[in-house]
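Count residues from 1 along the sequence.
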Amino acid sequence: MRRSTGKTEDDRIGTVDQAAPAAPAPRPPAVAVLTRLLVVLAVLAVAGGGIWLVTRASTPEASPLTTEIPALQVKAADVRPGSVAPAGGAVAGGADQQTAPQQARPRETGPATLSQWASQVAAVTGVPARALQAYGNAELALRAIQPNCKISWATLAGIGRIESNHGQYAGAVLGADGRPSKPIIGVPLDGSAGVQAIGDTDGGRFDGDPGVDRAVGPMQFIPGTWRKWASDGNGDGLGDPQQIDDAALAAARYLCAGGRDMASPAGWWAGILSYNNSTEYAQKVFGLADGYAKAAQAVRKQG
């Protein structure tokens, strides 16, 4: 805050014996009002500039919209919403098996473990094996807790590809621990062009922004949504939206909400549109999920 610079009685030394200057001519009232208004506007402009600098310095650097940029490289499938669901793609050789998370029951053909399955599917889909483990584990977990949902790893992979390129957005590297090498944080959801307005719900805990919310992590959860669906997919006792096992399991639970059947056309489209209410988005997820599942079908025949 600036201090006053007006002169005091002690500042006027040397002027006592001088002749008093002639009084200035009075200004017209309109000119005086205009002058005061200009001074007020100038002060407000300076103050506003200072506030902008402080806000800018205290706000995390905004990244490009992670729910849109990766999707620009994906073509929307030419399919009518609600008409069909993507092809199925069972984890580790059989959707009929009720298996526990992080492992798969051996069968006569097909990989015996989730890790083996992920390595083989990565080779035919281009999806990182570490991300596939997360998507596959989420499918296996939901088979155990909500078997009627029939969520597929391929659908989760389609969402993960669009949202963050499987945790690799903007040069990030998905580590063995399932976390990207740098946090994935979207732009401020401040209601600007093409952006939904969502006020802060987490005090900046997850997105680093105490002003408004930003989507976070490989599956791009809004902090308020994450609080409701937070999951522990890797068994470390924590729910972290930046950790892909946790995020994939939370996404699977979100899609299965309300007893939804993700293997039916109606259920699948309703689930994806609940995740992002955009027909083009859902068509892109459809094309990816269908392609991933079909490419991985050969893995079931591998010994």
Please work out which of the three classes, parallel, tilted or perpendicular, describes the rings of Tyr275 and Tyr281, given edges at 30° and 60°. parallel
Write out all pairs satisfying disulfide bond (SG atoms under 2.5 Å apart) with one or both partners inside residues 216-246, taking only residues at least two apart or from two chains.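 Qualifying pairs, neighbours excluded: none.
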Pairs in or reaching into residues 160-225: which pass disulfide bond (SG atoms under 2.5 Å apart), with residues at least two apart or in two chains? none
Would you call Asp245 and Arg130 a salt bridge, using N to O less than 4.0 angstrom? yes
Contacts of Asp202 that satisfy salt bridge (charged side-chain N to carboxylate O under 4.0 Å, His left out) - sequence neighbours left out: none
My understanding is that only residues two or more places apart in sequence, or in another chain, count here; which of them pass side chain to side chain donor-acceptor pair (under 3.5 Å) with Thr225? none
All side-chain contact (heavy atoms from CB on, under 4.5 Å) counterparts of Ala252, not counting sequence neighbours: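 Partners of Ala252 under the side-chain contact (heavy atoms from CB on, under 4.5 Å) test: Ala138, Leu142, Ile151, Leu156.
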Any side-chain heavy-atom pair from Lys294 and Asp290 closer than 4.5 angstrom? yes
Given side chains that start at C-beta, do those of Ile185 and Phe206 come closer than 4.5 Å, heavy atoms only?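 No, their side chains stay 4.5 Å or more apart.
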In this structure, is the centre-to-centre distance between the rings of Phe221 and Trp226 below 6.0 Å? yes
Salt bridge (Lys or Arg N to Asp or Glu O under 4.0 Å) partners of residues 226-236, not counting sequence neighbours, each pair once: Arg179-Asp236
Can Tyr292 and Arg161 be said to form a side chain to side chain contact (heavy atoms under 4.5 Å, CB included), step by step? CA-CA 11 Å; Tyr292 289 150; Arg161 167 65 181 84; 3.6 Å; yes
